Structure formats: C-alpha cells, structure tokens
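First the structure, in the form of structure tokens, and then the observations on it.
Small disclaimer: the values here were computed from a predicted structure and weren't measured. Naming convention: chains lettered A, B, ... in sequence-line order (proteins, then strands); numbering from 1 in each chain.
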Number of protein chains: 2
Amino acid sequence: MSAVTSTVNVGRPRAFDMDTALEKALEVFWRKGYDGTSLSDLTEAMGINKPSLYAAFGNKEQLFLKAIELYESRPCSFFLPALEKPTAYQVAEHMLHGAAMNMADSNHPQGCVVVQGALSCSEAAASVKEALINRRVEGEQKLKVRFDQAKTDGDLPPDTDTGVLARYLLTVLQGMAIQANNGACSEQLRQVAHMTLQAFPRAG
Amino acid sequence: MSAVTSTVNVGRPRAFDMDTALEKALEVFWRKGYDGTSLSDLTEAMGINKPSLYAAFGNKEQLFLKAIELYESRPCSFFLPALEKPTAYQVAEHMLHGAAMNMADSNHPQGCVVVQGALSCSEAAASVKEALINRRVEGEQKLKVRFDQAKTDGDLPPDTDTGVLARYLLTVLQGMAIQANNGACSEQLRQVAHMTLQAFPRAG
DNA sequence: AGATATATGTACTTATCGGTAAATAACCCT
DNA sequence: AGGGTTATTTACCGATAAGTACATATATCT
C-alpha cells in the first residue's frame, strides 16, 4: 500500500473530462456571476449530473474557485505575461492592449470574471467575493513590485509613486471590464488604452 | 369626480414612509446586488411586510428600478452636477473628485449601484442589467455632448475626439467603483483621479 | 353611523435552491 | 469469475425563493 493517495486507475472511470467541464463552468460563472448561477445552470452546461459535480469539484463555492484558478492560468490570460515585458511602459502597454483584445472577445463572456463574478452579492457568496478582492489586490501589488523594479532599472523616473501608478492602471483595466459589459468593442477599448498611456511617465 | 386618478386621503393610510423605505431598499440592492438580494432582505431592511412592498412598489424588479432612480437623483449624486462646470477640465475634475469622495464613503455601501447592481446576473435579472447598461451608456453620451460643447467653447483642442475622452473618463469612474469595493479609501481614489487628469487635454 | 376604500399581518402557494442517499454500472486486480 | 473501488443515475431532502389570498384594521366620505 502506497503512502500517497492512490491515483491508479481503480474503480469506474470518469465519463467526462474535468478540464473541459471546468471550462464550461467558468463560462457560466463569468456570464451570470456566482449568485446568478444555479447548480442546474452548471450541470446543464457541463453535461453532468449533480452528484458527479459534487464528487469531482466539492461544491458550488469550490467549483467557482477552481474556475477562477483556471481563468487566471489560461493561455489567453494577459496579466502575468505582461509583467515580463522589459520596461514599465511596455508592461502597461501590453496589459492594456491585452485587456482591450480579451475583454471584448465575443468567443466568451465579456469583461473579467475576477471583477464581475461576485462584486455585489449575497451573504452566501461573501467568501468568494473576498477571494476575488484578494486576487485583484494581489494583482495590483504584483504590478507595484514590477514598477519598483522598473524604477531601479531606470525606466521610470525616480520620484514615481509606483503604488499610485499601479492603482491607476488597475483602475482603468477594471473599468474596461465594465465597458466591455456595456458592449464596447476591442477598438473602443484600445482607444481608452491609448489615452491611459498619455498619463504614463516616460523613461526618466 | 376628478378626471385624474384620485390621490385624496381615502382608505387606510400607509403606515410607513415610501421615500425612507426606498432608501433602505437602495442600500440593500447596492450592497448585495439584484440577484443577491432576497425579498426577506428587503422587507427586513424596509421594516414592512411583503404585501405592503408589493402594493407600494409593484415587485422586486420595479422596486429596484425605483431605487436606481432615487440613487441618481439624490443630493449627494455627483455626475449630473459636474456637467454644469464651466470648462471640460473642471467637469472631469469635479466628476473624478466627486467619485473619489462618494464611492469610498463609509456611510453607505462602497462603489456605485449602477455599476455593480447587476453586472453579471441570472436570466431573471437580464432586464435590470439592460436598464443599468443603458444608464451607463447614456451617462457616457451626456458627457460626450458636454465635451462637444467644450470644443465649440474653445476649452478643448479642436482635434479632440470627444467620444474617446468621455469613454476614457467613464472607464476610470467605473474602475473606481471596483477599487472602492476592493477597499480603497477616498485618498487613494483621489490619487487615481489626479493621474487620470494627466491624460486630459488642456485648453487649446 | 354606515358605506367605501386602502393598508396590514398571517399564512399560504408553487418553484427552485444547494446538497445528498442509495442503488446500479463500469472499471482494475487477483 | 469474483471482490474491491469509484462513477453515474434517479430520486429525494429541508430551506428558501418570489409572489399572493384572505381576513382584519384604519382611514375618509356621505
């Protein structure tokens, strides 16, 4: 008997693919929000029954959190990759243009599930709201750290308030999520991105 | 007998004040969103029973729409008053500073109910979501018209794209609603407002 | 005082919510 | 072939959702 939990192929095999089911769940949560999504919505979209959902993902809340993890780790995600760009300005540029492209993409719900998944919500959703707030605040913190690095790299003026700069950028990105929900297209978001960069300090 | 619907004091008088009850309803919808708010939440906050609510306000959806009307017409509202300022820059300035003050005010829920009342929502809330989108888009249109006026007034450069400028400003304002939900304070929002104005075209 | 009209509180309806018990089906290992 | 293990299906649970029927209370009008 092994010390770790057995992962060998014992028992009846799962009849659905967990990753694609999770993708489907993400899309529903994205479009309807946590409170607006019922288990029937989920099981219908995922093509499975409730006991399968509970066995595979725990419960509604855990499924939501796993869907958010998937959202942030997907290949089309733009936030973390943008942090890798060589200069602060390019980081901002790629982030804003990535958001303009992604948030208005009609291949999935508009906006950003981290913003709109549980913004105002019932008490039952309070913990997932908290989780989303943490994600947003952590993203802002990561961006600040990146800008701090840029300051020592010399591609931001030494008197730059990196906290304010990160917050400004995140504010626009989060606003773009609302704009996408309003029906704004990629080109319109790109124009906002361009204006946003007007306020960005150039290399000192 | 009068031609208009009788408004005389006939029948048992209402035992509660409709305006203060509507204020209470607004606060609940603001904090919990349309989907996240139950009738029990509403009746408890308003201090009335369900039949009184239905008799006075119609149903949940109509109550929500009336609460939104109240929200936009309240004295502490900042959007429409800002449009009256003499120059485009002052319009933007007052709007941004008003938002910074109002959205983080701890005397009521944080953010903006027009943004967060029904962003992602169930199909049951689709019509109120649509109503909120319309409000946001109309606000953007009003701001554009104001900036068009500013262009003829000469306090915006003649080559200004007023549509983009209005969309940029609304994007930041809507992003500030998310920031307020994240827990940002007025001072932090004011810093964002200041940065936003860096991108604003000065008098041509 | 009595008729009329409106508001209120209690109790109810139907539908759906998130979540689960229990029987059965499908796989691996010996 | 048979035992062990896990997934699936069906049917269900108590709680709560939005909304309402009905009897009663409180006002005005004649």
Side-chain angles (χ1 to χ4, degrees), chain A residues 1-2 4-22 25 28-29 32-67 117-118 121-129, chain B residues 1-2 4-22 25 28-29 32-67 118 121-128:
Chain A
M1 60 188 83
S2 78
V4 296
T5 302
S6 169
T7 56
V8 297
N9 285 343
V10 60
R12 178 172 175 171
R14 192 171 275 121
F16 64 95
D17 182 72
M18 282 189 68
D19 293 330
T20 62
L22 191 56
V28 177
F29 280 130
K32 300 193 170 186
Y34 186 82
D35 275 334
T37 298
S38 70
L39 281 178
S40 308
D41 292 332
L42 292 166
T43 54
E44 190 184 347
M46 299 165 86
I48 61 179
N49 292 327
K50 275 190 280 187
S52 297
L53 188 157
Y54 278 84
F57 300 104
N59 61 12
K60 186 184 176 185
E61 175 176 344
Q62 291 170 42
L63 174 59
F64 181 83
L65 296 176
K66 281 170 182 147
C121 61
S122 68
E123 275 138 32
S127 64
V128 309
K129 170 181 169 176
Chain B
M1 58 188 84
S2 77
V4 296
T5 301
S6 168
T7 55
V8 297
N9 286 343
V10 59
R12 178 172 174 171
R14 191 170 278 119
F16 64 97
D17 182 71
M18 283 189 69
D19 293 330
T20 63
L22 191 55
V28 178
F29 280 130
K32 299 193 171 187
Y34 185 81
D35 275 334
T37 299
S38 71
L39 281 178
S40 307
D41 292 331
L42 291 167
T43 54
E44 189 184 348
M46 298 164 87
I48 62 179
N49 292 327
K50 275 189 280 188
S52 297
L53 188 156
Y54 278 85
F57 300 104
N59 60 12
K60 187 184 175 185
E61 175 176 343
Q62 290 169 43
L63 174 60
F64 181 84
L65 295 176
K66 279 168 184 149
C121 61
S122 68
E123 274 137 34
S127 64
V128 310

Under 3.5 Å donor-acceptor pair, B:R14 side-chain atoms to C:dA7 base atoms = no
ask   = Can you tell which of C:dA26, D:dT5, D:dG19 lies closest to the side chain of A:V10?
value = D:dT5
ask   = A:L39 has an atom CG; how far is it from atom C1' of D:dC12, in whole Å?
value = 15 Å
message = Does D:dA17 have OP1 or OP2 under 4.0 Å away from a side-chain N or O of B:S40?
response = yes
ask   = Which nucleotide in the list D:dT28, D:dA17, C:dG9 gets nearest to the side chain of B:N49?
value = C:dG9
message = Without decimals, in angstroms, what is the distance between B:L53 CG and C:dT10 P?
response = 16 Å
ask   = With sugar-phosphate meaning primed atoms plus P, OP1 and OP2, does B:P51 contact a base, only sugar-phosphate, or nothing at under 4.0 Å between heavy atoms?
value = base
query = Within the distance-only criterion (no hydrogens, no angle test), does the side chain of A:N49 pair as donor or acceptor with the backbone N or O of A:S52 below 3.5 angstrom?
reply = no
request  = Send over the distance from A:D41 CG to C:dA15 P, rounded to a whole Å.
outcome  = 18 Å
remark   = B:S38 has its side chain closest, among C:dG18, C:dC28, D:dA17, to D:dA17
message = Can you measure A:L63 atom CG to C:dG18 atom C1' for me and round it to whole angstrom units?
response = 13 Å
ask   = With no hydrogens and no angle check, do the side chains of A:D41 and A:S38 hold a donor and an acceptor under 3.5 Å apart?
value = yes
request  = Please check if atom CD in B:E44 has more than 12 non-hydrogen atoms from other residues, nucleotides or ligands closer than 6.0 Å.
outcome  = no
ask   = What is the nucleic acid contact for B:A55, judged by heavy atoms within less than 4.0 Å: base, sugar-phosphate only, or nothing?
value = nothing
key: Side-chain heavy-atom pair B:I48, B:L42 within 4.5 angstrom cut-off   = no
note = Of the listed D:dT8, C:dC27, C:dT8, the closest approach to the A:S52 side chain comes from D:dT8
message = Over all strands shown, is A:T37 touching base, sugar-phosphate only, or nothing at heavy-atom distances under 4.0 angstrom?
response = sugar-phosphate
query = Side chains of B:F16 and B:M46: closer than 4.5 Å at any heavy-atom pair?
reply = no
note = Rounded to whole Å, CD of A:E44 lies from C1' of C:dC17 at a distance of 16 Å
key: Spacing of A:R12 atom CZ relative to D:dT6 atom C1', expressed in whole Å   = 9 Å
query = Would you say the side chain of A:K50 and the base of C:dG19 hold a donor-acceptor pair, judged only by whether the two atoms sit under 3.5 Å apart?
reply = yes
query = When the nearest nucleotide of DNA chain C is assigned to B:I48 and to B:G11 on a heavy-atom basis, which residue is associated with the more 5' position?
reply = B:G11
task = Starting from the 5' end of DNA chain D, give me the residue, B:N59 or B:P13, whose nearest nucleotide shows up first.
result = B:N59
request  = Using atom CE of A:M18 as one end and atom P of D:dT6 as the other, report the distance to the nearest whole Å.
outcome  = 15 Å
ask   = Going by heavy atoms in the side chains, are A:D17 and A:L22 under 4.5 Å from each other?
value = no
remark   = Between CG of B:L42 and C1' of D:dT16 the distance, given in whole Å, is 15 Å
Listed nucleotide nearest any side-chain atom of B:Y54, set D:dG19, D:dA7, D:dT26 = D:dG19
